[in-house]
Structures are given as C-alpha cells and as structure tokens.
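Below: one structure, written as structure tokens.
Read the numbers this way: they start at 1 and go in the same order the structure lists the ligands and their atoms.
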Amino acid sequence: MSSSVKVVVTGAAGQIAYSLIPRLVDGKTFGNRKVDLSLVEIPQVVNKLEGLVMELEDSYFPNMGDVSYTDNFEEASKDADWFLLVGSIPRGIVYNGKKIEERSDLLSINGGIFVDQGKAIGAHGKDDAKILVVGNPANTNALIGKDAANNNSQTWLAMTMLDSNRAKSVIAKKTNNNISDVSNMIIWGNHSPTMYPDAENVIISGQPGSSVINDMGWIESDFIPIVQQRGKAVIDARGASSATSAAKAAIDTVIACENTTKQGDSFSAAITSDGSYEVPEGLICGYPLITLDDGTIEIKRDISLSDFAKSKFKISIDELLSEREAVKHLMR
Ligand code: NAD
Ligand code: LMR
C-alpha cells in the first residue's frame, strides 16, 4: 500500500455517517491508500461508536487503517488530511418545541459548533487539509469554520454535490439519457431553496443543455423548483432527511477533489469566493470547480451566464450575504 490518509468524520453515529464511513475504507474513495479514521461524536452518544467500530472490523476492509473514536474534536484533528463535518442537527425535527422547517433555521443551532471545530482544524489539521461541510446550513457553517481556522492553506468546501446529482437525475429523465451522459451540472450559490441549478450550461451527451432542452418554461417552472425543494420532498416522504444519497454525494466530492478533473469537466461544491462571477469575496458559494494535477482546487472561470441565470444566482448570493450578517457575532 502506497501511503495513508487520515480522515476525521463528525456526527459519526448519525444517519449519513452510517452510509458514509464504510465507503471511506472500501478501496475506491482513496484508491490504494490506507485510511485511518477518527470518528467524533458528542459525549451523550460517543459510546455508540464502539458498535460501529465493531462492524467496521467485521466487514474486512483491506484498506482500513487505525480506527478511533472520541468526543474530543481537538484530539481527533491532529495531522488529519480530510475533515468531513457532518455532525449537526438536521431539519424536519422538533427542537426546543419548534419544528425546524428551513435549513436557515439551523443557523443559530449549528453555527456555534463550527467555531471550535474551525479553530482546532486550523491549529492541528495538516496545512493542505481539505474540509467538507455537510451539516446545514452548510455554506455558512463553512464560512464560520474557515474564519475560525484562520489558516489559508487549508481548503474549505460546503457540499452541493447532492443537489448536482439530483439535478443530473432530473435532466437525464427529461431528455431520455442515461445519468452518466450528463456532466458539468453546476449548482450556483447556496445549498438552500435559492440555489440555482444550471440547466443551460449542463452537458448532455456532449451538447449544452441550452440547445438540448430548449424549453425555458420547463426549466423555470419544473426543473429549478424540483431540485431546490428535493431535500424537503425527501424529508416529507421519509420522515428524515436524505442520508444515503448525502453520503454518496460526500464520497463523490472527496473523489472529485482527490483526482485531476478531466479536461472540459467540472464538479459542484461551494468554496470561498475570490470575486469570481461577481460574488462578494469571502462568501462560501456554490461554483463549478476543477482539481488540478497538484491537488489544488480552483473555480472554473470560463462559464457564461445568461441574464436569466444571473438574476437567479443573485437571489442566492443575497441570501448568503444575509446569512453572513446573521452570524457575524461568531466570526473574528
Ligand atoms: P443525524 O441527526 O442522524 O446525525 C447527526 C449527528 O451529529 C448526531 O449523531 C449528533 O449527535 C452529531 N453531532 C451533533 N453535534 C455534534 C458535534 N458538535 N460534534 C460531533 N457530532 C455532533 O443527522 P444526519 O441525517 O446525519 O444529517 C447531518 C447533517 O447533514 C444535518 O445538518 C443535515 O441537515 C445535513 N445534510 C446536509 C446535506 C447537504 O447536501 N449538504 C444533505 C443531507 C443532510
Ligand atoms: C438535503 O438537501 O437533503 C439536506 O440539506 C437536508 C435538508 O434539510 O434538506
């Protein structure tokens, strides 16, 4: 085995983690590398992780390295290469007597988690560590964490891959294509009902969506709201938020970051804005991304946005600005 990678997963006793963690050590996500796992939970449930570790041992994963669990995030974060920050409260549950309807309702509940975790990542994670925030509201949690980390050589991302996978599935059905024929599915903005899934720049069997779909009525009235509201639709149907699809999307994001992006392709995640596409600097915004040969992740800058796209994207940028305003007391 060539080398090893250390991965920290928070929320390790939760729903998403139960699907996610085995895939980290299955020999596909990190290829031939040995994967050391550091699993983190809150003190009330951390002992449940003993059962998960037993199951991992019983599963015979040849690539699995050392596995430990703890409620001490700082200790877990030492020399980690990857942080998958899943730990947080989902919407759809009753919290303090109030049903949590929108991801933004989670700002005040979950935001605080990311201050301490960010500090520990900045101080103890590897300098080239990658951090994927899954816990909602993912973009603004990542903003808080990155600010607290105060370490610009680390790369903070928030997950929009699930939205991108959902959008690919809807486009494939609409155009009678296989999902594998759909690429470059960009999610602009926030992982929230304001996100803008881009059906004009998507590539369907080598052709741009703008020429294949040719039905702006369907894009505006069906496609966009279906993708924006898919998380809620799953909660309504399942009584719990998406878990196995969220885990698959997290794995897809890690794989996209670990491998050079094919020429012309891109993947979806939210990353710190450098002002590209007129997004205010510093916001964690959904963009088309590419991974370079040296592992650096960059925003793909050559996408052209129609006036329709710009007006939709702006709604999501404005929401990210208002979320940043709402958490400014948590930032340096
Ligand atoms: P879950 O309730 O099943 O699990 C969350 C776990 O996090 C719990 O076990 C909890 O004890 C743990 N946790 C809470 N605070 C923690 C902390 N400070 N440190 C470590 N662990 C902590 O929820 P889930 O279904 O696994 O979802 C987790 C989060 O992911 C939710 O916020 C959900 O909204 C979000 N989510 C995001 C996406 C996305 O696309 N970005 C998709 C699905 C779900
Ligand atoms: C999703 O998109 O499924 C998650 O963000 C969970 C949610 O609250 O919708």
Side-chain angles (χ1 to χ4, degrees), residues 8-21 38-49 51-52 69-77 83-95 99-121 131-142 144-145 157-167 187 189-195 197 226-253 268-270 284 286:
V8 174
V9 184
T10 66
Q15 286 201 93
I16 294 175
Y18 196 67
S19 283
L20 170 67
I21 291 168
S38 189
L39 309 178
V40 186
E41 259 297 346
I42 53 173
Q44 296 88 316
V45 296
V46 69
N47 287 337
K48 282 193 182 175
L49 293 177
L52 178 60
Y69 63 90
T70 179
D71 58 9
N72 183 332
F73 184 84
E74 198 171 326
E75 180 188 296
S77 58
F83 293 84
L84 303 177
L85 303 183
V86 183
S88 47
I89 293 191
R91 66 176 169 157
I93 61 164
V94 176
Y95 185 83
K99 177 136 189 248
I100 301 174
E101 300 284 359
E102 278 307 334
R103 297 180 185 96
S104 54
D105 295 337
L106 294 167
L107 262 184
S108 55
I109 305 169
N110 289 334
I113 296 174
F114 292 85
V115 176
D116 289 342
Q117 291 186 352
K119 281 184 190 160
I121 291 169
I131 303 103
L132 176 65
V133 178
V134 175
N136 279 316
N139 299 52
T140 298
N141 288 339
I144 295 167
L157 302 163
M159 191 164 92
T160 57
M161 184 68 88
L162 177 54
D163 311 302
S164 170
N165 288 346
R166 288 166 171 163
I187 305 294
N190 201 2
H191 172 64
S192 82
T194 66
M195 75 180 84
I226 288 171
V227 178
Q228 288 175 333
Q229 293 295 340
R230 185 67 165 184
K232 180 174 185 321
V234 172
I235 290 172
D236 290 346
R238 227 187 139 240
S241 73
S242 309
T244 196
S245 55
K248 166 69 166 54
I251 294 291
D252 287 348
T253 311
S268 271
I284 304 272

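Within the 3.5 Å criterion, the main-chain N or O of Ser241 finds a donor-acceptor partner in the side chain of Arg238. Although no hydrogens or angles enter the test, the distance criterion places a donor-acceptor pair under 3.5 Å between the side chain of Asn139 and the main chain of Gly189.
Checked options Val40, Val8, Ile144, Leu85; the residue passing with Gln117 is Leu85 (criterion: side-chain contact (heavy atoms from CB on, under 4.5 Å)).
For the pair Leu106 and Ile89, the minimum side-chain heavy-atom distance is below 4.5 Å. Side-chain contact between Asn141 and Ile113 is absent, with no heavy atoms from C-beta onward closer than 4.5 Å. The closest side-chain heavy-atom distance from Lys48 to Leu52 is not below 4.5 Å. Within the 4.5 Å cutoff, the side chain of Met195 has no heavy atoms near those of the Asn190 side chain. Side-chain contact between Asp71 and Ile42: absent, with no pair of heavy atoms (C-beta onward) separated by less than 4.5 Å. Using a 4.5 Å heavy-atom cutoff, the side chains of Thr140 and Ile284 are not in contact.
For ligand 1, the polar-atom distance check against Ile89 finds a nitrogen or oxygen pair separated by under 3.5 Å. Here's the thing with Ala246: none of its N/O atoms is less than 3.5 angstrom from an N/O atom of ligand 1.
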Distance dump, ligand 2 polar atoms to protein, N/O, under 3.5 Å:
| unit_1 | atom_1 | unit_2 | atom_2 | d |
| --- | --- | --- | --- | --- |
| ligand 2 | 2 (O) | Arg103 | NH2 | 2.8 |
| ligand 2 | 2 (O) | Arg166 | NH1 | 2.9 |
| ligand 2 | 2 (O) | Arg166 | NH2 | 3.4 |
| ligand 2 | 2 (O) | His191 | NE2 | 3.4 |
| ligand 2 | 3 (O) | Arg166 | NH2 | 2.7 |
| ligand 2 | 3 (O) | Ser242 | OG | 3.1 |
| ligand 2 | 5 (O) | Arg103 | NE | 2.8 |
| ligand 2 | 5 (O) | Arg103 | NH2 | 3.4 |
| ligand 2 | 5 (O) | Asn136 | ND2 | 2.8 |
| ligand 2 | 5 (O) | His191 | NE2 | 2.6 |
| ligand 2 | 8 (O) | Arg91 | NE | 2.5 |
| ligand 2 | 9 (O) | Arg91 | NE | 3.2 |
| ligand 2 | 9 (O) | Arg91 | NH2 | 2.8 |
| ligand 2 | 9 (O) | Arg103 | NE | 3.4 |
| ligand 2 | 9 (O) | Arg103 | NH2 | 3.0 |

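The protein atom (non-hydrogen) at minimum distance from atom 37 (C) of ligand 1 is Val134 O, 2.9 Å. Nearest non-hydrogen protein atom to atom 18 (N) of ligand 1 is Ile113 CG2, 3.5 Å. If you check which protein heavy atom lies closest to atom 14 (C) of ligand 1, you get Ser88 N, 3.6 Å. For atom 11 (O) of ligand 1, the closest non-hydrogen atom of the protein is Glu41 OE1, 2.7 Å. With respect to atom 28 (C) of ligand 1, the closest heavy atom belonging to the protein is Val86 O, 3.4 Å. The protein non-hydrogen atom at the shortest distance from atom 36 (N) of ligand 1 is Asn136 ND2, 3.5 Å. Distance from atom 31 (C) of ligand 1 to its nearest protein heavy atom, with residue and atom name: Pro90 CA, 3.6 Å. Here the heavy atom of the protein found nearest to atom 4 (O) of ligand 1 is Gly14 CA, 3.3 Å.
If you check each of Asp163, Leu49, Ile42, Val133 against atom 16 (C) of ligand 1, the one with the closest non-hydrogen atom is Ile42. Considering each of His191, Arg91, Met159, Gln15, the one bringing a non-hydrogen atom nearest atom 1 (P) of ligand 1 is Gln15. Remark: among candidates Asp71, Ile16, Ile100, the nearest residue to atom 26 (O) of ligand 1 is Ile16, based on non-hydrogen atoms.
Closest approach of Gln15 to Ala240, counting heavy atoms only: NE2-CB, 3.8 Å. Closest approach of Val86 to Thr10, counting heavy atoms only: N-OG1, 3.0 Å.
Of all atoms in ligand 1, listed by their number and element, those nearer than 4.0 Å to a heavy atom of Leu162 are 40 (O), 42 (C). Residue contact check: Ser241 has heavy atoms under 4.0 Å from atoms 25 (O) of ligand 1.
The shell of residues lying under 4.0 angstrom from ligand 1, judged by heavy atoms, includes Gly135. Heavy-atom separations between Ala17 and ligand 1 are all 4.0 Å or longer. The closest approach between any non-hydrogen atom of Met161 and ligand 1 is not below 4.0 Å.
Rounding to the nearest 0.5 angstrom, the gap separating the CG atom in Asn136 from the CD atom in Glu102 is 10.5 Å. Summarising the geometry, atom OG1 belonging to Thr194 is positioned 9.5 Å from atom CZ belonging to Arg103; distances are rounded to the nearest 0.5 Å. Between atom OG of residue Ser268 and atom CE of residue Met159 there is a gap of 11.5 Å, rounded to the nearest 0.5 Å.
Arg91 has no carboxylate O lying under 4.0 Å from a charged side-chain N of Glu101, or vice versa, which leaves the two without a salt bridge.
Here Gln44 has no heavy atoms under 4.0 Å from ligand 1, in either its backbone or its side chain.
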